[in-house]
A.B. asks: 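What follows is a single structure, and I will ask about it in a moment.
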Amino acid sequence: MRIPGKERLISNIHPSFHLFHPTPDIFAWNSILRSHPNSFSLYPRMLRHGSRPDSYTFPILFSSLSSLLAPFLLPQLHAHVLLSGHFHHPHVLSSLISSYSCLPSDLLLFLPLSPADLEELPTSNSLLSSLLRAGQLSHACRLFDEMPSRNVVSWSCLIDGFVNLGHPNAALDLFRIMLADPRAPAPNPFTITAVLAACARLGALQLGLWIHAFIFRHCIPPDVVLSTSLIDMYAKCGRIHNAHQVFDEMSPSNRDVTMWTAMISGLAVQGWAREALEFFHSMVETHGVGPNPVTFLAVLQACVHGGLVQEGDFYFSAMSREQGIVPTIEHYGCMVDLYARAGMIRRAWATIHSMPMRPDALIWGALLSGSKTHGDILTCEAAIKGLIELEPENSAAYVLLSNAYAKMGKWEEVSSVRRLIKSRGVKKPTGCSFIEVNSVVHEFLAGELSNHPEAVDLHLMVEEMMGRLRGEGHVGNTAEVLLDLDLEEEGKELALSTHSEKLAVAFGLMKTKPGEEIRVVKNLRICLDCHEAIRLISKVYARRIFVRDCNRFHVFNNGDCSCKNYW
DNA sequence: TTCCCAACTT
């Protein structure tokens, strides 16, 4: 249909516009808005035409706003909703709530929600999701408990929230409740993705395998997101071959950059640097998939763990030169790490000085551990000072600083650091390790042996283990014990023997059959002494032991570690 | 024949 005189006015709105009546009704406007890539930009025009938004219009506009990065428009549209009289419509309300990326708690008080609003699942689910994004876990749990009904979205949201807020074990508990409760809905791909993320965090391979089987059994089609979650889970549980298998099962045309990146990153933390780089080349050259900033992070991490300085240099410059990706602080962090580990402390400094941003704790941490390994005390001191400035409550940095001064013989400074620790009321970061036994994840905190239900047996196991290690000539490396413990040598050894990863390994030896693999996940970096001890344990007890620390994998086997003592 | 809530890689 051609409408004389109207084409020019409307042709720049949308190619299909001329199909509509010259003064489109709201149904037509909604269709146009929906099909336009930037619907919000058409909204003023729609108002000028005298059309009033209805309950279908607002959800479209809100979702368009979220991609616009124009936060000042949000309250205005919010006001339009209030004036329109569509506020209580569940879809409108739900899109309004969820477009506040994290709902300010005071705003929540001003939302004129009625009890009837909260009976609508989209509304209460949006609220739940917003609370979780804002980190309001206890409020979210209360809302979940008080919701008159819950669907699979509500359950998935809360499970996912637990994972993202650092409670993966609670996420698994909730998932078990969901499975056991006959009134609860069946899990769907969203739920499964969240549960897989929890398994990945915890290194819970048995449960992860069970989930994979569940996907099969329930004929859930593994789309690219679900498969990526599986790859990530397998990679973080040390099963890179299973990850590879999932990757192979996805048809090449469906693999996106995220999936490739998950694979590259999995190979990198495993220490398989060359394979990671081969994957990267296959992705870019053979399959024509463009890398993103995260892909380069994974590539650089592969170089870091493989000690590939030249390659790291090459990819870092190729990233901005060929892909136009501006390096973020994480990319610079990789480069500092790469140089510092390789003993190229001056180049590490040069990188820090070349960054357009201020160094963060990761940068100083990378510089610190590199300069420590290579005996550059002055750089250690500078890095530690940088850390303390950023994290004045983190005691590890003070202890390291004190150690560095002691090594230099600066005893004045040693005592002034001790005074600083006391005066600032510094907390000690707690080491924490996970081990999964029979699909249940057990958590061990450093030094905390007495709280465990099997404390006596575990204590005996630790003693036996340490005894056998001493028999093999292992002497506890007490140099890294926190100075503020003020312990005699023997006490220091005791503190070392209750490091969380040793407790977890001892528990694993106690609870699994001879010859079975032991997999432990630790929240901090593995300490030098534990690394030595576990290396020996793998030989003495003839066990393959996987330890994933916050940085990478260590696969201990017959007295060797896959990191080749380079970590 | 138009709308909503929840998912992946650092």
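The structure presented is a predicted model; accordingly, all values stated were derived computationally and were not measured. In the text below, chain A, chain B and the rest are named by the order of the sequence lines, each starting its count at 1.
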A.B. asks: Which of these nucleotides, B:dT2, B:dC8, B:dT9, is closest to any side-chain atom of A:Ser229?
C.D. replies: B:dC8
A.B. asks: Of the nucleotides B:dA7, B:dT9, B:dC3, which one has an atom closest to the side chain of A:Ser265?
C.D. replies: B:dT9
A.B. asks: Could you tell me whether A:His244 and A:Tyr234 have their ring centroids closer than 6.0 angstrom?
C.D. replies: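 No: the rings miss the under 6.0 Å criterion.
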A.B. asks: Compare the minimum distances between each of B:dT10, B:dA6, B:dA7 and the side chain of A:Arg133, then state the nucleotide with the smallest one.
C.D. replies: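 Output: B:dA6.
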A.B. asks: Return no unless some side-chain N or O of A:Lys236 is found under 4.0 Å from OP1 or OP2 of B:dC8.
C.D. replies: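 Indeed not, no polar side-chain atom of A:Lys236 lies that close.
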A.B. asks: Atom CZ of A:Arg201 to atom C1' of B:dT10: distance rounded to whole Å?
C.D. replies: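 To the nearest whole Å, that distance equals 12 Å.
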A.B. asks: Side chains of A:Thr295 and A:Thr261: donor-acceptor distance under 3.5 Å anywhere?
C.D. replies: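 Yes.
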A.B. asks: From C-beta outward on A:Ser129, which listed nucleotide comes closest to its side chain: B:dA6, B:dT9, B:dC4?
C.D. replies: B:dA6
A.B. asks: Residues two or more places apart in sequence or in another chain: which of them pass ring-ring contact (aromatic ring centres under 6.0 Å, His included) with A:Trp260?
C.D. replies: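 Testing A:Trp260 for ring-ring contact (aromatic ring centres under 6.0 Å, His included), a comparison that skips the adjacent residues, returns A:Phe247, A:Phe279, A:His287.
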A.B. asks: Starting at CG of A:Leu132 and ending at C1' of B:dA6, how long is that distance when rounded to a whole Å?
C.D. replies: 10 Å
A.B. asks: Counting any heavy atom closer than 4.0 Å, what does A:Asp223 reach on the DNA or RNA strands: base, sugar-phosphate only, or nothing?
C.D. replies: base
A.B. asks: Rounded off to whole Å, could you give me the CH2-to-P distance for the A:Trp155 and B:dA7 pair?
C.D. replies: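 Rounded to whole Å, this separation is 18 Å.
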A.B. asks: Given B:dC8, B:dT10, B:dC3, which nucleotide is nearest the side-chain atoms of A:Glu330?
C.D. replies: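 For A:Glu330, the side-chain atoms sit closest to B:dT10.
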A.B. asks: Nearest to the side chain of A:Val225, heavy atoms from C-beta on, is which of B:dC3, B:dA7, B:dT10?
C.D. replies: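 When the side chain of A:Val225 is considered, B:dA7 is the closest of B:dC3, B:dA7, B:dT10.
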A.B. asks: Can you tell me if A:Arg34 touches the phosphate of B:dT1, counting only side-chain N or O atoms and a distance under 4.0 Å to OP1 or OP2?
C.D. replies: no
A.B. asks: May I ask you to check whether over 12 heavy atoms, not counting those of A:His139, lie within 6.0 Å of atom NE2?
C.D. replies: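 Count not over threshold, so no.
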A.B. asks: Nearest whole angstrom, please: distance from the C1' of B:dT9 to the CG of A:Leu230.
C.D. replies: 14 Å
A.B. asks: Taking the minimum atom-to-atom distance to the side chain of A:Val152, which one of B:dC4, B:dA6, B:dC5 wins?
C.D. replies: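 My answer, after comparing the listed nucleotides, is B:dA6.
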A.B. asks: Picking from B:dC8, B:dC5, B:dC4, which would you name as closest to the side chain of A:Asn125?
C.D. replies: B:dC5
A.B. asks: Taking CG from A:Asp54 and P from B:dT2, how many angstroms apart are they, rounded to a whole number?
C.D. replies: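 Whole-Å distance recorded here is 13 Å.
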A.B. asks: Which nucleotide, B:dT2, B:dT9, B:dC5, lies nearest any side-chain atom of A:Asn30?
C.D. replies: B:dT2
A.B. asks: What is the distance, to the nearest angstrom, from the CG atom on A:Leu226 to the P atom on B:dC8?
C.D. replies: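 It is 11 Å, rounded to the nearest whole Å.
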A.B. asks: Whole angstrom is fine here: how far is it from CZ in A:Phe144 over to C1' in B:dC5?
C.D. replies: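 Distance check: A:Phe144 CZ to B:dC5 C1' gives 14 Å.
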A.B. asks: Select base, sugar-phosphate, or nothing to describe what A:Gln301 touches, counting heavy atoms under 4.0 Å on all strands.
C.D. replies: sugar-phosphate
A.B. asks: Using only modelled atom types and a 3.5 angstrom limit, is any donor from either the side chain of A:Asn188 or the base of B:dA6 paired with an acceptor on the other?
C.D. replies: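 Pair found.
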A.B. asks: Could you walk me through whether A:Cys199 and A:Leu205 satisfy the side chain to side chain contact (heavy atoms under 4.5 Å, CB included) test, starting with their C-alpha distance in whole Å, then the side-chain angles of each, then the deciding distance to 0.1 Å, before giving a yes or no?
C.D. replies: CA-CA 7 Å; A:Cys199 292; A:Leu205 177 65; over 6 Å; no
A.B. asks: Mind calculating the distance between NE2 (A:His212) and C1' (B:dC8) to the nearest angstrom?
C.D. replies: 15 Å
A.B. asks: Before you tell me yes or no, could you show the steps for A:His36 and A:Ser39 under side-chain hydrogen bond (donor to acceptor under 3.5 Å, both in side chains), namely the whole-Å CA-CA distance, both residues' side-chain angles and the distance that decides it to 0.1 Å?
C.D. replies: CA-CA 5 Å; A:His36 196 274; A:Ser39 15; 5.9 Å; no
A.B. asks: A:Ser94 side chain: which of B:dT9, B:dC4, B:dT2 is closest?
C.D. replies: B:dC4
A.B. asks: With a 4.0 Å cut-off on heavy atoms, is A:Ser55 in touch with a base, just the backbone sugar-phosphate, or nothing at all?
C.D. replies: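 Base, at least one base heavy atom under 4.0 Å.
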